[in-house]
Visitor: 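First the structure, then my questions, so here it is.
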Amino acid sequence: MKQIENCNYAIELGQGLGFVLVGIDGKNIHDGDRLTLALVWQMMRHYTLAMLTHDGKIMKDNEIIAWCNEKIDSSRKRLQHSRALRNQVYQTRETIVDLIDAIQPGYINYDIVTNASNDDEKFLNARYAITMARKIGARIFALPEDITEVNPKMVMTV
């Protein structure tokens, strides 16, 4: 009974943070129901966005994308990068790897990064990007598959 009370409290906290938790209660979490993913996803997103603030305000998706583009542009990367969240270029390495290199210049070993001419190479590039992002201290919730399949919600958590 105490476990379900704790799970209900987690729902209350989520609602207090503005999470949309329709049709989910503590019993769903306790039972490991699929609805739990809604809570987990919103927790990941909240955490990620809380790290990204500008003038004390949490940034919106379009502001995050603009910041990424500015960062890559300012590092004068020779590669074209994405200006749209659903762009297939995320399947390669250009945006994420170049952003890491723009944040930590010289940190990326471009000899390891492939041209991503097939799915296996895309996966290896995505895995390398996630590994390098973690090495510079980023909290990563996405999987390589999220990048190669261009899952925009998860790519925004990188």
Side-chain angles (χ1 to χ4, degrees), residues 1-69 71-72 81-100 102-104 108 112-114 116 118-158:
M1 188 61 170
K2 187 72 171 168
Q3 293 173 341
I4 293 176
E5 286 177 29
N6 288 339
C7 294
N8 282 327
Y9 183 59
I11 295 292
E12 287 177 35
L13 291 174
Q15 290 169 334
L17 291 170
F19 297 174
V20 178
L21 299 170
V22 178
I24 183 171
D25 60 15
K27 183 145 176 44
N28 295 116
I29 296 172
H30 181 266
D31 295 344
D33 193 309
R34 184 165 167 79
L35 291 172
T36 304
L37 292 176
L39 175 62
V40 172
W41 160 248
Q42 291 179 73
M43 289 170 58
M44 290 186 312
R45 180 149 174 83
H46 183 269
Y47 175 83
T48 301
L49 292 177
M51 298 291 113
L52 303 172
T53 60
H54 180 68
D55 295 331
K57 294 180 182 176
I58 292 178
M59 297 172 70
K60 299 193 181 324
D61 287 354
N62 60 341
E63 294 171 321
I64 295 168
I65 293 169
W67 179 84
C68 292
N69 288 329
K71 196 74 174 164
I72 293 170
H81 57 275
S82 173
R83 294 248 178 231
L85 185 59
R86 293 180 186 265
N87 194 319
Q88 296 298 310
V89 76
Y90 275 117
Q91 288 183 338
T92 63
R93 49 104 166 117
E94 296 173 359
T95 302
I96 297 170
V97 170
D98 287 347
L99 179 60
I100 294 166
I103 293 169
Q104 289 282 135
I108 296 294
I112 294 175
V113 182
T114 69
N118 61 48
D119 288 343
D120 289 338
E121 288 182 355
K122 289 176 185 177
F123 182 83
L124 291 174
N125 287 342
R127 191 168 68 185
Y128 180 67
I130 288 172
T131 299
M132 298 312 288
R134 286 185 174 132
K135 283 188 176 185
I136 65 169
R139 299 287 185 252
I140 305 295
F141 299 109
L143 299 171
E145 293 87 349
D146 295 320
I147 295 170
T148 59
E149 294 169 7
V150 194
N151 180 340
K153 285 184 174 182
M154 292 306 292
V155 169
M156 287 298 288
T157 68
V158 172

Visitor: Testing the basics here: between C7 and G26, what is the closest heavy-atom pair and its distance to 0.1 Å?
Guide: CB-O, 3.2 Å
Visitor: So which atom in I100 and which in A129 form the shortest heavy-atom distance, rounded to 0.1 Å?
Guide: CD1-O, 3.2 Å
Visitor: Could you grab the distance from atom CE of M132 to atom CD1 of I96, nearest 0.5 Å is fine?
Guide: 13.5 Å
Visitor: What distance do I24 atom CD1 and L37 atom CG have between them, rounded to the nearest 0.5 Å?
Guide: 8.5 Å
Visitor: May I ask you to test the R45-F141 pair for a side-chain heavy-atom distance under 4.5 Å?
Guide: no
Visitor: Please check if the side chain of Q42 supplies one atom and the backbone of A38 the other of a donor-acceptor pair under 3.5 Å.
Guide: yes
Visitor: How long is the gap from NE2 on H46 to CE on M44, to the nearest 0.5 Å?
Guide: 13.5 Å
Visitor: Tell me the salt bridge (Lys or Arg N to Asp or Glu O under 4.0 Å) pairs involving residues 21-43, sequence neighbours left out?
Guide: K27-D31
Visitor: Given side chains that start at C-beta, do those of T148 and D119 come closer than 4.5 Å, heavy atoms only?
Guide: no
Visitor: Distance check, rounded to the nearest 0.5 Å: T36 atom OG1 versus I29 atom CD1?
Guide: 5.5 Å
Visitor: As an exercise, state the distance from OH of Y128 to OG1 of T114, rounded to the nearest 0.5 Å.
Guide: 11.5 Å
Visitor: Hey, could you give me the CD1/CD1 distance between I130 and I140, rounded to the nearest 0.5 Å?
Guide: 6.5 Å
Visitor: Counting distance only, does the side-chain N/O of N125 pair as donor-acceptor with the main-chain N or O of V113 below 3.5 Å?
Guide: no
Visitor: Taking all non-hydrogen atoms of both residues into account, name the closest pair between A102 and K71 and its distance.
Guide: CB-O, 3.6 Å
Visitor: Counting only heavy atoms not in Q3 (residues, nucleotides, ligands), do more than 12 fall under 6.0 Å from its CD?
Guide: no
